[in-house]
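These numbers come from the heavy atoms of this one structure, side chains and all, not from hydrogens, waters or symmetry mates.
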Amino acid sequence: MLQIEKKNAFMALGKFLSQFSENKNAQSDAVLNNDLFFDAFVDLIQLSQSYNGWYTPEQVYFAIHSWAEALTEENLTIWLSKYSFEKVTPKTVGLVLAGNIPLVGFHDFLSVLISGHRVMVKTSSNDQHLLPFLANYLIAVYPTFKNDITFADGKLEHFDAVIATGSNNTARYFEYYFKDKPSIIRKSRNSIAVLNGQESKEQLLALGDDIFRYFGLGCRNVSKLFVPKSYDFTAFFEAIFEFQDIIHYEKYANNYDYNKAVFLMSNFKLLDNGFLTIKEDTSHASPISSVFYEYYDALESVQKRLLEEEEHIQCIVSNGLIKDSIPFGTTQKPALWDYADHVDTLDFLLHL
């Protein structure tokens, strides 16, 4: 019964979030607690950029819309149907969240609560407002959550397990600090696209969204292209030209100018369209405003390479060229069962 009530609470949150979009915020009489939360959430969306310069209204609205689409009865039912929650003994699970994109830690937050555990959240200094707001909405819908949700001001204490996300450097600290607790430690990852030159304009345009959404700050953003030898980038540049307005955003433009200057001073050969640089490089992790590329002779060699480096890769995008790859334009639209780093968070939580 408690499982159903918690599921219903997140469904209510999904309906609440569905009222908000970049084009229009429209209240629905069927949504709970709008009198308490609707106007305040509109204000928070507009204020988010003052807290974190990368959290423009466009990007925040996209994150909200993605979660509104995810938190439906159908999606929650599909996701939860393969698990058994009957033997869960409630424990306190600490979350150390990243702040690179809006609500990046919400899936871990959802997973802990829906599995029957208590959550203790250490938010990133870059994202301290959105998740606490949604937590308050959930508590208003399902007051029992008040005893299950804590936000830590200082370091995490008195917890039974932890899920921590950070860079490769912070991950080493997490692994040491949390060595005596059951844990999931997430490190830096990047996403890859594999092209063969047969992609349509629509597919390349969708790839542009995989590259530029959230200004390229997420681990699901494509930062590296594998292309066949003698690949002509003309069609790629023509397709992504629709994203040219990104250069008018000051923080992105500053990164573009800086990284381009660094590349040029190092005498690297670049392709450049005025808002994105393309550089041949074997690394997967490119800086903001740049994408690396690498030539291949055969798809089999790419498949082998990506399998060997899978612990560094979050998503692979292609037109069905690579096993388990996903379609262009879908990297920032994961389903509830698309787990970060391919680690089943619910399974981990259910076996604590």
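- Between F236 and F233, the angle of the ring planes goes over 60°, which puts this pair in the perpendicular group of the 30/60° scheme.
- For the pair K279 and Y293, the NZ or CZ position fails the cation-pi test of under 6.0 Å to the six-membered ring centre and within 45 degrees of the ring normal.
- Between atom CG of residue L13 and atom CG of residue L138 there is a gap of 5.0 Å, rounded to the nearest 0.5 Å.
- For Y173 and Y177, the distance between ring centers is under 6.0 angstrom.
- Checked against a 6.0 Å centroid threshold, the rings of Y252 and F275 do not count as neighbours.
- Using the six-membered ring where Trp is involved, Y339 and W79 have ring planes that are tilted, between 30° and 60° apart.
- The ring-ring contact (aromatic ring centres under 6.0 Å, His included) test with F38 is passed by exactly one of F20, F16, F133, Y137: F20.
- Remark: K260 is not positioned above the aromatic ring of F263, lacking an NZ or CZ atom under 6.0 angstrom from the ring centre and at most 45 degrees off the axis.
- In the displayed structure, K304 atom NZ is contacted under 6.0 Å by at most 12 heavy atoms of other residues, nucleotides or ligands.
- The cationic group of K7 does not satisfy the cation-pi geometry with F10, failing either the under 6.0 Å distance to the six-membered ring centre or the 45° limit from the ring axis.
- The local environment of NZ in K269 is sparse, with at most 12 non-hydrogen atoms from other residues, nucleotides or ligands closer than 6.0 Å.
- Counting non-hydrogen atoms of neighbouring residues, nucleotides and ligands closer than 6.0 angstrom, the NE2 atom of H65 reaches no more than 12 such neighbours.
- More than 12 heavy-atom neighbours from other residues, nucleotides or ligands sit within 6.0 angstrom of CD on E157.
- Other residues, nucleotides and ligands contribute only 12 or fewer heavy atoms inside 6.0 Å of the CZ atom of F241.
- Within the 4.5 Å cutoff, side-chain heavy atoms of V93 are placed close to those of L349.
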